[in-house]
Amino acid sequence: MSSQRGAAAGREEPPPAELRVALARGLQEQFPGVRVWYGDATGSWWALVPTLSGSRLVEAPTPQQLRDAIMSARSRG
């Protein structure tokens, strides 16, 4: 049902659950301390990025764009 909502909103089909887990794990390994997940309801990738000024929540449509957003949040830290 969530894929129907995503399709109706003009979003692409989400990747299979196993791939989402692997992609999130890969980003978390690349950025220790960062929590990454895929939002089924939003169809977006999310990360909670710890910074010197506090945690920052970032969102992106793809894992690659989330990686860029994590790097940007950390550099602004």
Quiz item: Are any of the side-chain heavy atoms of L27 and R67 separated by less than 4.5 Å?
Solution: yes
Quiz item: Does a side-chain heavy-atom distance below 4.5 Å link L48 with W37?
Solution: yes
Practice problem: Identify, with sequence neighbours excluded, every residue that meets side chain to side chain contact (heavy atoms under 4.5 Å, CB included) alongside Q64. | Solution: T62
Practice problem: Taking the side chain as every heavy atom from C-beta outward, state whether I70 and V36 have any atom pair closer than 4.5 Å. | Solution: yes
Exercise. Just jot down the ring-ring contact (aromatic ring centres under 6.0 Å, His included) partners of F31, sequence neighbours excluded, or say none.
Key: none
Quiz item: Do V49 and M71 sit in the same hydrophobic cluster, where Ile, Leu, Val, Met, Phe, Trp and Tyr count as joined when their side-chain heavy atoms come under 4.5 Å apart?
Solution: yes
Self-check item: With sequence neighbours excluded, residues passing side chain to side chain contact (heavy atoms under 4.5 Å, CB included) with A60
Solution: Q65, L66
Quiz item: Residues two or more places apart in sequence or in another chain: which of them pass side chain to side chain contact (heavy atoms under 4.5 Å, CB included) with P32?
Solution: none
Practice problem: Measure across P63 and W45 and return the closest heavy-atom pair with its distance rounded to 0.1 Å. | Solution: CD-NE1, 3.5 Å
Quiz prompt | Residue pairs, two or more places apart or on separate chains, that pass salt bridge (charged side-chain N to carboxylate O under 4.0 Å, His left out) and touch residues 17-30 | solution = R20-D40
Exercise. Please name all residues satisfying side chain to side chain contact (heavy atoms under 4.5 Å, CB included) with A69, sequence neighbours left out, ordered by chain then number.
Key: V58
Exercise. Check whether any side-chain heavy atom of R56 lies under 4.5 Å from a side-chain heavy atom of R74, and answer yes or no.
Key: no
